[in-house]
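Written out below as C-alpha cells is the structure these notes cover.
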Amino acid sequence: MCGRYSLAIPKEQIEQRLSIQINQALKPSYNIAPTHQAYVMTAEQPLRLQPMYWGLIPHWSKQAKLTGKHINARKEGIQTKPSFRLSVRYRRCLVPADSFYEWRTEGQVKIPYRIHNTDLSMMVMAGIWDEWTDGQSSIRTFSIITTPPNEEMQSIHTRMPLFLETANQQSAWLSSTDLNEVLGMMNVLENNRLSMYRISTELNKPQNNYAELQKAVPEPPTLFS
DNA sequence: CCAGACGTTGTT
DNA sequence: GTCTGG
DNA sequence: CCAGACGTTGTT
DNA sequence: GTCTGG
C-alpha cells in the first residue's frame with residue numbers, strides 16, 4: 001500500500017505546514033513512483049527538504065540498486081526487521097504529500113483513485129531513511145510506514161500510510177529518542193479525514209507527470225442506476 | 001561453523 | 001506467471 | 001504501485 | 001550489519 005503519491009502544491013503551503021523555510025525550487029510531482037526521487041525532512045537537516053530515492057536500500061546492502069523492494073515498512077514488528085530496525089530507531093523522516101493513489105480492479109482494468117485530506121491540507125506521512133555508501137558515492141533512500149486501514153479505507157485497501165496529523169506527532173516522529181512512546185502516540189486515523197475520487201488510468205504509467213492526472217473522472221453509471 | 005536472507009502488497 | 005524498471 | 005519484458009547467435 | 005537455517 002501506498003505505492004504511488006504526489007507532492008505538487010506551492011512550497012508556501014509546505015513551509016507553513018512543516019514550519020520551515022525552503023530556499024530551493026521544488027520540482028512538483030503528480031506521480032511519485034517507487035525509485036523516483038521525492039522530498040523528505042529529517043532531524044539531521046530539519047530546516048529544509050532533501051531529495052531521496054523512494055525504496056529504502058539498507059546501508060549493508062551489497063549493491064546500491066534501486067529495486068523498489070522497500071517502499072513500505074509495516075509499523076507492526078518494524079523494530080525486529082533487519083532492514084528497518086536501525087532506521088526506525090535513528091533515522092525517521094517526514095514525507096510530505098498532497099495525495100496518495102490506490103487502485104480498484106474492474107475486470108482487467110486498474111482504475112486509480114486519488115486520496116487526499118478532506119480539508120485539502122497537506123499530508124505528512126511517517127517515513128524512515130538510510131544512507132548507502134561505498135566510499136566512492138552515496139545514496140539516500142526512504143520508505144513509508146504503513147498501518148492497518150481505518151474503517152473507511154478498508155473499502156479500498158488492506159493497508160494505509162501512517163499519517164502524522166499534529167505538530168506534536170511530527171516532532172516526536174522526527175526527534176524523540178523513545179521509540180516505543182513514539183509508536184504509541186500514533187493513533188488510527190479518524191474516519192472522514194480522507195476523501196477519494198476516481199482519476200484517469202493515465203496515472204498508471206509512472207513516467208506520466210502532469211496536473212491533469214489529478215482531474216476527477218466521473219464514475220461510469222452502473223447497470224441499475 | 002558458514003550460507004543465505006534480510007520486504008510489502010495483494011492473489012482468480 | 002514472474003521479474004525488472006521506473 | 002503499474003508497465004513491460006521475458007532470448008540467442010552473430011554482427012551493420 | 002545481524003539473524004536464521006542447516
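So that the names make sense, note that chain A is the first sequence line, chain B the second, and so on, each numbered from 1.
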**OP:** For the residue pair A/T42 and A/Q50, confirm or rule out a side-chain donor-acceptor distance under 3.5 Å.
**Re:** yes
Original post:
Between A/L86 (CG) and E/dC3 (P), how many Å, whole number?
Top reply: 10 Å
Subject >> Contact list for DNA chain B against residues 58-68 of chain A - heavy-atom distance below 4.0 Å >> reply: A/W60
**OP:** Verify side-chain contact (heavy atoms from CB on, under 4.5 Å) between A/T146 and A/R74, making sure each step is shown before the conclusion.
**Re:** CA-CA 5 Å; A/T146 68; A/R74 294 173 71 99; 4.0 Å; yes
Original post:
Contact class for A/K69 vs. all strands (heavy atom < 4.0 Å): base, sugar-phosphate, or nothing?
Top reply: base
Original post:
Any idea which of D/dC2, B/dT9, B/dG7 is nearest the A/P82 side chain?
Top reply: B/dG7
Subject >> Between D/dT8 and B/dC1 - P atom distance, rounded Å >> reply: 41 Å
Original post:
Do A/N180 and A/Q79 meet the criterion of a side-chain donor-acceptor pair at a distance under 3.5 Å?
Top reply: yes
**OP:** Could you measure between the two P atoms, the one in B/dA5 and the one in C/dG6, and give it in whole Å?
**Re:** 25 Å
Subject >> Candidate nucleotides D/dC2, B/dT9, D/dC1, ranked by approach to the side chain of A/R159 - the nearest >> reply: B/dT9
Original post:
Hey, is the side chain of A/R4 poking within less than 4.0 Å of OP1 or OP2 on C/dG6, counting only N and O atoms?
Top reply: no
Original post:
Would the number of heavy atoms belonging to other residues, nucleotides or ligands and lying under 6.0 Å from CZ of A/R104 be above 12?
Top reply: yes
Original post:
Touch check for A/S83, heavy atoms < 4.0 angstrom, all strands: base, sugar-phosphate only, or nothing?
Top reply: sugar-phosphate
**OP:** Please list every stem that involves DNA chain D, where a stem is a run of 3 or more consecutive Watson-Crick or G-U wobble pairs with both pairing distances under 3.5 Å.
**Re:** C:1-6 with D:1-6
Subject >> Whole-angstrom distance between B/dG7 and E/dC3, as gauged at atom C1' >> reply: 15 Å
Original post:
Can you check the A/N31 CG to D/dA3 C1' distance for me, whole Å?
Top reply: 12 Å
Subject >> Euclidean distance for P, B/dC2 against D/dG10 (whole angstrom) >> reply: 44 Å
Original post:
With no hydrogens and no angle check, is any side-chain donor or acceptor of A/R4 less than 3.5 Å from a backbone partner on A/N204?
Top reply: yes
Original post:
At under 4.0 Å between heavy atoms, what does A/F84 touch on the DNA or RNA strands: base, sugar-phosphate, or nothing?
Top reply: sugar-phosphate
**OP:** Give the nucleotide from the list C/dG6, D/dA3, B/dT9 with an atom nearest to the side chain of A/N72.
**Re:** B/dT9
Original post:
Any donor-acceptor pair under 3.5 Å linking the side chain of A/Q169 with the backbone of A/M186?
Top reply: no
**OP:** For the residue pair A/D119 and A/S121, confirm or rule out a side-chain donor-acceptor distance under 3.5 Å.
**Re:** yes
Subject >> Interatomic distance where CD1 belongs to A/I145 and C1' belongs to B/dG7 [whole Å] >> reply: 12 Å
Subject >> Phosphate OP1/OP2 of B/dT9 contacted by A/T146 side-chain N/O (<4.0 Å) >> reply: yes
Original post:
Taking atom NE2 of A/H70 and atom CD1 of A/I57, what is their separation to the nearest 0.5 Å?
Top reply: 10.0 Å
**OP:** Can you figure out which of B/dG7, D/dC1, E/dC3 approaches the side chain of A/H70 most closely?
**Re:** B/dG7
**OP:** Sequence neighbours left out, what pairs pass salt bridge (charged side-chain N to carboxylate O under 4.0 Å, His left out) with at least one residue falling in residues 33-55 of chain A?
**Re:** A/E44-A/R140
**OP:** Please determine if a side-chain N or O atom of A/K205 lies less than 4.0 Å away from the OP1 or OP2 oxygen of D/dC2.
**Re:** no
**OP:** Nearest whole angstrom, please: distance from the C1' of C/dG6 to the CD of A/Q37.
**Re:** 13 Å
**OP:** Classify the angle between the aromatic ring planes of A/Y5 and A/F142 as parallel (below 30°), tilted (30 to 60°) or perpendicular (above 60°).
**Re:** perpendicular
**OP:** Inspect the surroundings of CD in A/E151 and state if more than 12 heavy atoms from other residues, nucleotides or ligands are less than 6.0 Å away.
**Re:** no
Subject >> Gap between atoms CD1 and P, on A/I78 and B/dC6 respectively (whole Å) >> reply: 16 Å
**OP:** Figure out the OH/P separation between A/Y5 and B/dT8, and round it to whole Å.
**Re:** 18 Å
Original post:
Within this structure, what is the CG-to-P distance between A/L213 and D/dC2, rounded to whole angstrom?
Top reply: 15 Å
Original post:
A/E102 has an atom CD; how far is it from atom P of D/dC2, in whole Å?
Top reply: 9 Å
